[in-house]
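These notes are about the structure you will find just below.
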Amino acid sequence: MISLTLPDGSIREVAEGTTGLQFAQSIGKRLAGDALAISLNGRTTDLNIPLTASSEIRILTFKDPEGRAVLRHSCGHVMAQAVMDLFPGAAPAAGDWADERYFYDFQVSRPFTAEDLQKIEQRMTEICQADVPFKRMELPADQALQALGSTRNLFKEEIIGDLAGQGQVISCYSQGDWVDLCLGAHVPSTGKIAAFKLLMTAGAYWHGDESNPQLQRIYLTAFPSRKELDEYLSQIEEAKKRDHRKLGQELDLFTISSDVGSGLVLWMPKGAALRFELETFLRGKLVEYGYQTVYTPHIGKLDLYRTSGHFPYYKDSQFPPIHMNEHGAEAEDSEEGYLLKPMNCPHHIKIYEATPKSYRDLPYRLAEFGTVYRYEQSGELSGMTRVRGFTQDDAHLFVTPDQLEEELQRTVDLVLFILRSLDFKDYRIRFGKRDPQSEKFGGSAGLWDRAESNIRNVLRGMNMDFSEEAGEAAFYGPKIDFVVRDCLNREWQLGTVQVDYVLPERFDLKYIGSDGSPHRPIMIHRAPFGSLERFVGILIEHFAGAFPAWLAPVQVRILPVVDEVLPYAEKVYAACRAHGFRTELDSRAEKIGYKIRAAETEKVPFMLVVGRREAESGSVSLRKRTQGDLGTLPLEETIGKLRGELARPAE
RNA sequence: GCCGGGAUAGCUCAGUCGGUAGAGCAACGGUUUCGUAAACCGUGGGUCCGGGGUUCGAAUCCCCGUCUCGGCUCCA
């Protein structure tokens, strides 16, 4: 007998050799039916494997993230079989899952078409209906290669070679006579896959490396029932309605014109009002946190960016330099010239250097809404979230070593305050570290170790959840990134805080310490919004265009019921503007219902309906978006009420 | 940058087999003066993304380019 410990702590004795499925059946018929796999001591395992030792066990169903992954993974194998049935020349490479989706990459003579996908789905349905069992085999490398049969190809050989080299057991799974190399786990049989859909195709590089051949990827998802699949698909459709590119156009927030250039955002009056409000909000905080505001130009000499390292490191993703000499003529020396600034730090460093600094001057905090230009790859551009010109709410803090961690904490506090004020709860914190294997990172290993431990100390001290990710650092230092997802579930970095020992060294920055001798300051780069463009793009999606009243481009709209009251409506309009409310007057000869509908769809938070009654009594009928009529109030009282409703958040 | 999809009125989209380009909404004009989510009638509006080709004839077929969308890769 062996004993199995369930998640609730209860322990059950079963005969050695009992399978996970039999155990699930002993608990309940329903559970056994829903079971997709088991988790044994935290490892996901097939249901039909005999249990040989006492363990902690969880029966995995679709409710468990691991269970979902198993179902979709198994569906991926069914897809691979279907692809090979229909395209005998196809070479399956590898698959994996990401979020709700599973993908499998194939090398094929031509990319898959929409019609191909339909045929593949049809073949998959046949395989699932046949309810073919998945069987696991563990084999030595040479036998595994044999076992693969028609699935064998250069990709599989490479993977088996790597696994064998690491001395790992090689496992394969078969469904019927089709075999694939696979770690597992899988559902017991293809019949468990009740509902699936091939979502999209894409080109993808082998091992994710651009220098490798490009394969054709198919994404799919699977659910235990048709109903759940349909719900998922309609959720995606629903989410697309929040897309900032769509809402940005509908609400007249921004536009991008190919005549100006790809990735160059034109802020329309309403988008600009929103941005201005965000900037004003942050400016208030900057004073409180001891920042000094500066302004710097949009270009700088090439040599400046050679010193900082930006030019050599990011040569391929910058607008080409403006080659000209001091006389305004085209430079003969192609090394001479100016660059559109890709970062604000070098300019701020020059402000730091402009006057001698002592330890009494530090922390020295310089802030600027600085617009930078980067020539992003054409395939990367996306609305406001990935652009070629954007404004960072940037700041650089020059600090002494003993000030560093406290200042870091204050910058993180500021970012958290901003996110909280805008009701962002769904973000993750990424601690981006250097990848020691990569040459992309400047400075000595010792400096990096110090910077990384500074960040770790601060994040731990603040009790934050974060994930450490190698290779995600900036070239000059490690960073804390605040990462959110857009309506299509793509991740974007918003706020960032970076520790930098490298640029102070490259620029030979100094301050005079209390000992009278020169010391090297440390820099913190930080931007709570990150890029105003990206932040506003995400903000549009976050609020689905219905911004909190203090941010709304139009906060109040006056809706006269009949033409006769237009003079009174004008008076109300003027009173609202006099109090700084962003107000519009809808004087069209339309019925009141029409005007209300327009204001509602344009997401105006407050509507002031004025008719004869209001004009006579000097009042307004207040309507709040989505809530409806709030009743009639004297004009003065309404304005007082709106002042409160439209105030910026404070803390 | 790479792979694939797309581009028709301000917006959303239809356009059959290659035969003179359409709808709804919006805009504009008129009528209506109306009380909390769409009054009625009328009018204007097109480089069918750009260039080339095939054809008696191209929005439609072919080629090149641009922009855009979904992925991949990249992201200071």
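Residue numbers start from 1 in every chain, and the chains themselves are labelled A, B, ... in the order their sequence lines are given, proteins ahead of strands.
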For [X], answer base if it contacts any base atom (sugar-phosphate contacts may also be present), sugar-phosphate if it contacts only those atoms, and nothing otherwise; contact means non-hydrogen atoms under 4.0 Å.
| X | value |
| --- | --- |
| A/Gly309 | nothing |
| A/Lys246 | nothing |
| A/Ser317 | base |
| A/Leu381 | sugar-phosphate |
| A/Lys315 | nothing |
| A/Arg101 | nothing |
| A/Leu559 | nothing |
| A/Gln318 | base |
| A/Pro342 | base |
| A/Ser378 | base |

- Message: Closest-nucleotide mapping onto RNA chain B: is A/Asp243 or A/Gly379 further toward the 5' terminus? I mean the 5' end.
- Response: A/Gly379
- Identify, between A/Tyr219 and A/Phe475, the residue whose nearest nucleotide on RNA chain B lies closer to the 5' end.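 The answer here is A/Tyr219.
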- Query: With Watson-Crick and G-U wobble geometry limited to distances under 3.5 Å, how should the secondary structure of RNA chain B be encoded in dot-bracket form, using | for bases paired to another strand and [ ] for crossing pairs?
  - Reply: (((((((..((((.....[..)))).(((((.......))))).....(((((..]....))))))))))))....
- Message: With the criterion set at under 5.5 Å between ring centres and under 30 degrees between planes, would B/G4 be stacked on A/Phe112?
- Response: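 No, the aromatic ring of A/Phe112 does not stack with the base.
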- Query: How far does the C1' atom of B/G24 sit from the matching atom of B/U8, given to the nearest Å?
  - Reply: 15 Å
- Could you check which of B/C69, B/C3, B/C74 has an atom nearest any side-chain atom of A/Arg386?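 Between B/C69, B/C3, B/C74, the one nearest the side chain of A/Arg386 would be B/C74.
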- Task: Encode nucleotides 35-40 of chain B as B, S and - characters from 5' to 3', where the letter depends on protein heavy atoms closer than 4.0 Å: B to the base, S only to sugar-phosphate, - to neither.
- Result: BBBBB-
